[in-house]
Amino acid sequence: MAMRWSCWRRGCSWRPTAVGSPRRERPGCVEPLGTRAASDTRAQIPYFSLMKILMSASPTMHSISQFHQRTPAMCSCRQTQSGEKYSDPFKLGWRDLKGLYEDIRKELHISTRELKDMSEYYFDGKGKAFRPIIVVLMARACNIHHNNAREMQASQRSIALVAEMIHTATLVHDDVIDDASSRRGKHTVNKIWGEKKAVLAGDLILSAASVALARIGNTAVVSMLAQVIEDLVRGEFLQLGSKENENERFAHYLEKTFKKTASLIANSCKAVSVLGCPDPVVHEIAYQYGKNVGIAFQFPEMNAMIMRRFSLPGDVDRARQYVLQSDGVQQTTYLAQQYCHKAVREIRKLRPSTERDALIQLSESVLTRDK
């Protein structure tokens with residue numbers, strides 16, 4: 001253990017091998033940092049083998065506010081331009097999501113009591129509904145940008161339901177794969193009903209989401225959300241694998257993050273833009289915003305991924321202390337800020353509106369959230 005810590009403390013950062021060289025971006029494989037960020041010593045990406053542990057230090061958020069003050073390339077997400085007032089983007093989004101979970105339970109319409117209880121278990125209305133909130137705000141922002149339309153289409157709201165159902169189905173499946181015992185402050189489906197029934201419950205939620213998606217009747221939108229399901233499966237396989245080279249391992253991590261987290265947000269945002277606006281430029285703006293927010297969203301969410309291999313008493317606490325004494329948390333925060341900055345840069349291309357500004361503010365909340 002002592003040798004391992006010594007090794008990490010001697011060299012725990014990663015740098016791009018060709019700073020400033022052009023890179024071709026592929027969906028799901030985002031460049032770690034831009035040229036400007038790569039030239040800044042604070043932009044060094046933590047050595048990947050330290051990544052899971054340093055994320056476990058994030059709940060303290062002790063360095064986030066200080067780092068915001070010191071970092072010039074922050075999001076400036078609080079600066080809105082529409083002139084309209086609102087206090088909370090979540091409250092703004094919920095006006096279109098009243099009855100969200102009731103509607104989802106109606107989509108499940110299951111007669112078997114046990115299967116019904118399992119499938120509805122996480123649709124208890126206690127979550128923030130982060131993904132549906134982004135979807136409805138994006139829908140309104142795109143509608144206003146296109147023709148100043150103030151109403152959201154029923155089909156766009158359906159995308160919000162479908163996104164939440166797909167997300168919840170993956171939670172059920174992930175808990176089975178990880179043998180997790182708790183989620184959202186209560187026992188997991190697999191711990192209550194068993195792994196086999198939990199897998200079937202996740203499958204049922206996915207099938208109900210597919211039926212709701214098919215009713216929208218737009219083949220392009222169906223294709224986008226089908227891509228999400230494929231990405232989720234591929235992302236899970238990526239998580240099971242590893243890379244020998246540290247540089248490749250970090251790219252591997254980013255690709256996995258896109259497929260497991262960002263693809264759903266990106267394609268859901270693009271789907272509502274397609275339903276509300278014919279302009280491909282707007283579709284790309286919506287997609288890029290969702291992609292970058294989705295990747296930034298994963299960095300603070302790694303709390304539960306603390307490495308279980310440290311089984312001796314005190315190992316985990318010592319790991320936290322080594323990380324807190326290094327600049328790993330700040331480096332990771334800086335990286336998340338870069339994706340936040342990209343998301344804001346994209347969404348600012350839309351016509352000013354309350355919803356657009358709420359999406360800007362929501363980007364900042366990704367960096368400061370504690371769960």
Side-chain angles (χ1 to χ4, degrees), residues 27-28 30 89 92-97 100 103-104 107 129-147 149-170 205-235 258-297 342-343 346-347 349-351 353 355-356 358-359 362-363:
V30 187
L92 182 64
W94 267 112
R95 70 182 181 181
D96 291 312
L97 294 174
L100 169 70
D103 291 343
I104 289 176
E107 292 290 345
F130 180 79
R131 291 157 187 82
I133 291 290
I134 287 183
V135 170
V136 296
L137 290 176
M138 181 62 74
R140 283 187 173 272
C142 291
N143 293 352
I144 292 170
H145 176 83
H146 173 51
N147 58 8
R150 291 289 169 178
E151 297 300 320
M152 188 177 66
Q153 301 174 22
S155 59
Q156 291 175 315
R157 185 180 184 276
S158 294
I159 296 297
L161 269 70
V162 169
E164 185 69 357
M165 293 171 76
I166 292 175
H167 171 61
T168 303
T170 63
I205 297 171
L206 275 179
S207 67
S210 299
V211 171
L213 180 61
R215 281 203 306 270
I216 295 175
N218 186 303
T219 55
V221 167
V222 171
S223 178
M224 290 172 205
L225 274 298
Q227 181 63 51
V228 169
I229 297 175
E230 178 184 337
D231 285 344
L232 287 166
V233 174
R234 291 183 180 275
F258 172 82
K259 292 185 182 300
K260 289 200 65 178
T261 302
S263 176
L264 176 59
I265 301 176
N267 283 288
S268 298
C269 285
K270 184 176 181 179
V272 293
S273 74
V274 167
L275 291 169
C277 176
D279 188 352
V281 173
V282 174
H283 305 165
E284 185 64 16
I285 290 171
Y287 180 87
Q288 291 298 328
Y289 174 86
K291 181 187 74 172
N292 286 291
V293 165
I295 294 176
F297 185 80
K342 292 177 184 178
E346 290 297 325
I347 202 65
K349 296 175 184 177
L350 296 184
R351 176 186 297 182
S353 67
E355 289 76 11
R356 187 206 69 167
L359 288 168
L362 201 60
S363 301

Please give me the minimum heavy-atom distance between [X] and [Y], naming the atom from each residue.
X      : Y      : answer
Ile134 : Cys269 : CG2-SG, 3.5 Å
Ala129 : Leu100 : CB-CD2, 4.2 Å
Leu92  : Arg95  : O-CG, 3.0 Å
Cys142 : Cys277 : O-CB, 4.4 Å
Ala208 : Met165 : CB-CE, 3.6 Å
Val274 : Asn218 : CG1-ND2, 4.4 Å

[atom1]/[X] to [atom2]/[Y] distance, rounded to the nearest 0.5 angstrom?
X      : Y      : atom1 : atom2 : value
Ser268 : Met138 : OG    : CE    : 10.5 Å
Leu275 : Ser155 : CG    : OG    : 4.0 Å
Leu232 : Thr170 : CG    : OG1   : 5.5 Å
Leu264 : Ile229 : CG    : CD1   : 9.5 Å
Ser363 : Asn292 : OG    : CG    : 9.0 Å
Arg140 : Ser353 : CZ    : OG    : 10.0 Å

Is it true that a side-chain atom of [X] and a backbone atom of [Y] form a donor plus acceptor pair closer than 3.5 Å?
X      : Y      : result
Arg356 : Leu350 : yes
Ser223 : Thr219 : no
Thr261 : Phe258 : no
Tyr287 : Val282 : no

Checklist line | Verdict with supporting geometry, Val293 and Leu362, side chain to side chain contact (heavy atoms under 4.5 Å, CB included) | finding: CA-CA 9 Å; Val293 165; Leu362 201 60; over 6 Å; no

Between [Y] and [X], is the closest basic N to carboxylate O distance under 4.0 Å?
X      : Y      : result
Glu346 : Lys270 : no
Arg215 : Glu107 : yes
Arg157 : Asp96  : no
Glu230 : Arg234 : yes

Next item on the list: State whether a side-chain donor-acceptor pair under 3.5 Å links Gln153 with Asn143.
Entry: no

Margin query: According to side-chain hydrogen bond (donor to acceptor under 3.5 Å, both in side chains), who are the partners of Arg351, at least two apart in sequence or on a separate chain?
Written below: none

Check: Got a sec, which residues hit side-chain hydrogen bond (donor to acceptor under 3.5 Å, both in side chains) with Ser263, two or more places apart in sequence or on another chain?
Finding: Asp231, Asn267

Checklist line | Audit row: Ile133, Leu137, side chain to side chain contact (heavy atoms under 4.5 Å, CB included) steps and yes/no | finding: CA-CA 6 Å; Ile133 291 290; Leu137 290 176; 3.8 Å; yes

Check: Under the side chain to side chain contact (heavy atoms under 4.5 Å, CB included) criterion, do Glu164 and Val135 qualify, and how do the steps go?
Finding: CA-CA 10 Å; Glu164 185 69 357; Val135 170; over 6 Å; no

Checklist line | Check: Val136 and Met152 side chains under 4.5 Å, non-hydrogen atoms | finding: yes

Check: Does some side-chain heavy atom of Ile166 sit less than 4.5 Å from a side-chain heavy atom of Val228?
Finding: yes

Margin query: Evaluate Ile265 against Arg131 for side chain to side chain contact (heavy atoms under 4.5 Å, CB included), listing each step before the verdict.
Written below: CA-CA 6 Å; Ile265 301 176; Arg131 291 157 187 82; 4.0 Å; yes

